[in-house]
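Every chain is numbered from 1, with letters handed out A, B, ... down the list of sequences. Just the heavy atoms: all of them, side chains too, but no hydrogens, waters or symmetry mates, feed the values below.
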Amino acid sequence: MTVRVRFAPSPTGLLHVGNLRTALFNWLFARHHGGRFIVRVEDTDRARLVPGAVEYMLEALRWLELDWDEGPEVGGPHAPYVQSERLDLYQGLARRLVDEGAAYECYCTPERLEALRREQAARKEPPGYDRRCRTPEGREQARRENPGGRPVVRFAIPLEGTTTVHDLIRGDVTFENARLDDFVMLKSDGFPTYHLAATADDHVMEISHVLRGEDWLASTPRHLLLYRALGWEPPRFAHLPMILGKDRAKLSKRHGATEALAYRDQGYLPEALFNFLGLLGWSLDDKTEIISREEFVRHFDVDRIGRNPAIFDMEKLTWMNGVYIRQMPPHRLAAVLAEWLERDLPPEVPRPLDRAYVERMVPLIQERIKLLSEAAELTAFFFTPGVPAYDAALLLGKRFQDRPAEALRALETAVARLRGVDAWDAAALEAVLRPLAEELGLKAGDLFGVVRVAVTGRTVAPPLFETMEVLGRERCLERMEAALGRLAALAR
RNA sequence: GGCGCAUUCGUCUAGCGGCCCAGGACGCCGCCCUCUCAAGGCGGAGAUCAGGGGUUCGAAUCCCCUAUGCGCCA
């Protein structure tokens, strides 16, 4: 059987990471089985439509590199892939089911339905339509009460029996038909509800497997009944576990970012999010955490999808992002970081940045950042012209806290020796400064600390000698001279 | 309220009757490495496998009940 799966988002806002995970699983399933991955826009809820939402969602899929074989932009044999452009299909099917007696028109007014609900609630009965319009007599009565009103079309659920969903993840789940109510398939405005539209499209588009969120499990018996009424073979279903926030409630804004592209904007790598999301509800074995896209495709299948809801652990995602940053070829990281730096470095830094300089700097921070967004702050001193601003007291650190004169003498000596260095590379610099510390009776760290602050303006920075090498002789000496002045002022 | 799904360290999970007085990872703590910070290495704390009944020579694994969480229906 050819595998054909679909990702069918509603363009009602931004793309939630939970939906992105669903998209990812569908994509992986398709790629693993050499099938087709289809994107379909489910825009039949006109009240909740958000302009631009489709583009945003497609952008998120592209960012994760989840390419689709059929759908918006690429077309396909079952175009259009936008439900609002397929109304004829749904209306025809609704009419057919009405003609065949499997569905009926309902003229009940919203007011009556509301009153019905209230009564049911008062009597502590489960809510649901009372099927008044299912009989010709009831329908006539409703029509008289609602003159000129346009009917909805409801599906006539079998009054007896059971329907069982053969879920690929959960096994058989059986529902009593009597508990299902006659749901609306076609609204009075001629638009289908999700139940009809999804069922119709899944059949017409020859979808073989429906991988969707667990929140749809309870609707599946309705869909199965629809397939049966239409004489269609249903696809296989697999309901994916939900993704929750820290408090075990459905993941929402309160838990941090929920929209897919917010992760891009916060400095996460698509491959890291891909890996992380792929492991939310699926596992390869008992130890593998870092999995390449190719390995995912090679191994992914529904049999290792879990059944329990997962809490989205941002800290683990961040750790994983660090792993991927460290794994990147330095030149690629440099290319990516260059864009962030162009944007985030302080305004006094001249643009465009010297790309070769960025390339030399990047290896020094590669294993020190977990987010791309951290680079600018950490490396600003490489780029700011002149002497960086910092609190002069930092030069003293702990060792020279009460002895600025000693610090001054040490830095003076260091500068003097450094002036004699021609080959300004890390090894040469270390060869000068390390023995000097001993000569001055200082611990290496204490001497290096003064120099670090002088040269970078910070107490925490990449390794000193490599940093100095990249900064270059002139910049280092200029900054150390400036520091001498500041130490002298402190010593006075 | 009804129906449904789920329940293994704080979190993601491995486990599909004996290999488990439960393994890995994140996070946390300690040590090592070390010019700061990271990264890395080593080690540690952390789960009476939600609770209770069964089935079985033997259960985290099978069955039942309860509890809790979540979902759907309005």
Atom-pair distance (CG on Leu317(A); P on G27(B)), nearest Å: 12 Å
Complement of G1(B), any strand, by Watson-Crick or G-U distances under 3.5 angstrom: C73(B)
Phosphate-side-chain proximity, Ser283(A) and A14(B), N/O vs OP1/OP2 below 4.0 Å: yes
Close side-chain approach of Asp181(A) and Arg222(A), heavy atoms under 4.5 Å: yes
Selection: residues 302-310 of chain A, any non-hydrogen atom under 4.0 Å of RNA chain B: Arg304(A), Arg307(A), Asn308(A), Pro309(A), Ala310(A)
Parallel, tilted or perpendicular: rings of Trp282(A) and Phe300(A) (30°, 60°): tilted
Paired nucleotide for C35(B) [Watson-Crick or G-U wobble; both distances under 3.5 Å]: none
Sugar-phosphate only, base, or nothing, as touched by Pro463(A) at under 4.0 Å among non-hydrogen atoms: base
Interatomic distance at C1', C20(B) relative to U8(B), whole Å: 11 Å
Close aromatic pair by centroid cut-off 6.0 Å: Tyr227(A) and His203(A): no
G53(B) to C31(B) separation - P atoms, rounded to the nearest Å: 45 Å
Pairing nucleotide - G46(B), Watson-Crick or G-U, each distance under 3.5 Å: none
Near-ring test Phe276(A)/Phe312(A), centroid separation under 6.0 angstrom: yes
Nearest-Å distance once atom C1' is located in both G27(B) and C12(B): 11 Å
Same-atom distance (C1') from A59(B) to G69(B), integer angstrom: 25 Å
Residue whose closest nucleotide on RNA chain B lies nearer the 5' end, Leu464(A) versus Thr288(A): Thr288(A)
P gap between A45(B) and A22(B), integer Å: 11 Å
By ring-ring contact (aromatic ring centres under 6.0 Å, His included) - contacts of Phe448(A) (at least two apart): Phe465(A)
Spacing between Glu466(A) atom CD and U36(B) atom C1', to the nearest angstrom: 13 Å
Asp182(A) side chain vs Ile157(A) backbone, donor-acceptor pair below 3.5 Å: yes
Spacing of Arg179(A) atom CZ relative to G4(B) atom P, expressed in whole Å: 8 Å
Inter-nucleotide C1' distance (C57(B), U13(B)), Å rounded: 32 Å
Minimal non-hydrogen separation, Tyr129(A) against Cys106(A), with atom names: OH-SG, 3.3 Å
Between the protein and nucleotides 45-52 of chain B, which nitrogen or oxygen pairs come in under 3.5 angstrom?
none

Sugar-phosphate only, base, or nothing, as touched by Phe276(A) at under 4.0 Å among non-hydrogen atoms: nothing
Residues within residues 418-453 of chain A bordering RNA chain B, heavy-atom distance below 4.0 Å: Arg434(A), Gly445(A), Phe448(A), Arg452(A)
Ionic contact status for Asp446(A) with Lys398(A), cut-off 4.0 Å: no
Thr22(A)-Asn19(A) side chain donor-acceptor pair, cut-off 3.5 Å: no
d(CG, Asn275(A); P, G24(B)) in whole Å: 20 Å
Euclidean distance, atom CG of residue Leu244(A) to atom P of A6(B) [Å, nearest integer]: 15 Å
Proximity to the side chain of Pro127(A) - top-ranked nucleotide from C73(B), U36(B), G71(B): C73(B)
Asp285(A) CG - C16(B) P separation (whole Å): 13 Å
Whole-angstrom distance between A38(B) and C32(B), as gauged at atom P: 16 Å
Contacts of Trp424(A) that satisfy ring-ring contact (aromatic ring centres under 6.0 Å, His included) - sequence neighbours left out: none
Polar side-chain atom of Arg479(A) near backbone of Val387(A) as donor-acceptor pair, under 3.5 Å: no
4.5 Å side-chain heavy-atom contact, Phe296(A) and Arg293(A): no
Whole angstrom value for the distance that separates C1' of G1(B) from CD of Glu119(A): 16 Å
pair Tyr194(A)-Thr44(A): side-chain heavy atoms closer than 4.5 Å: no
Where Gln266(A) and Ser373(A) come nearest, the two heavy atoms and their spacing: O-OG, 2.9 Å
G-U wobble or Watson-Crick pairing nucleotide for C57(B) (cut-off 3.5 Å, both distances): G18(B)
Whole angstrom value for the distance that separates C1' of A25(B) from CD1 of Ile290(A): 9 Å
Touch class at under 4.0 angstrom, heavy-atom based, for Leu280(A) against every strand present: sugar-phosphate
Identified pairing partner of C26(B), criterion: Watson-Crick or G-U wobble below 3.5 Å: G10(B)
RNA chain B-proximal residues of residues 361-382 of chain A, any heavy atom under 4.0 Å: Glu367(A), Arg368(A), Lys370(A)
Whole-Å P distance, C28(B) and C37(B): 15 Å
Sugar-phosphate, base or nothing in reach of Arg326(A), heavy atoms under 4.0 Å: sugar-phosphate
Selection from G4(B), A25(B), G10(B) that lies nearest to any side-chain heavy atom of Asp313(A): G10(B)
Thr318(A) side chain to Tyr268(A) side chain, donor-acceptor N/O pair below 3.5 angstrom: yes
Asp201(A) and Tyr90(A) side chains, donor-acceptor separation under 3.5 Å: yes
Tyr107(A)-Glu105(A) side chain donor-acceptor pair, cut-off 3.5 Å: yes
Nearest to side-chain heavy atoms of Glu289(A), which nucleotide of C73(B), C5(B), G24(B): G24(B)
No-H, no-angle donor-acceptor pair, Lys287(A) side chain to A25(B) base, under 3.5 Å: no
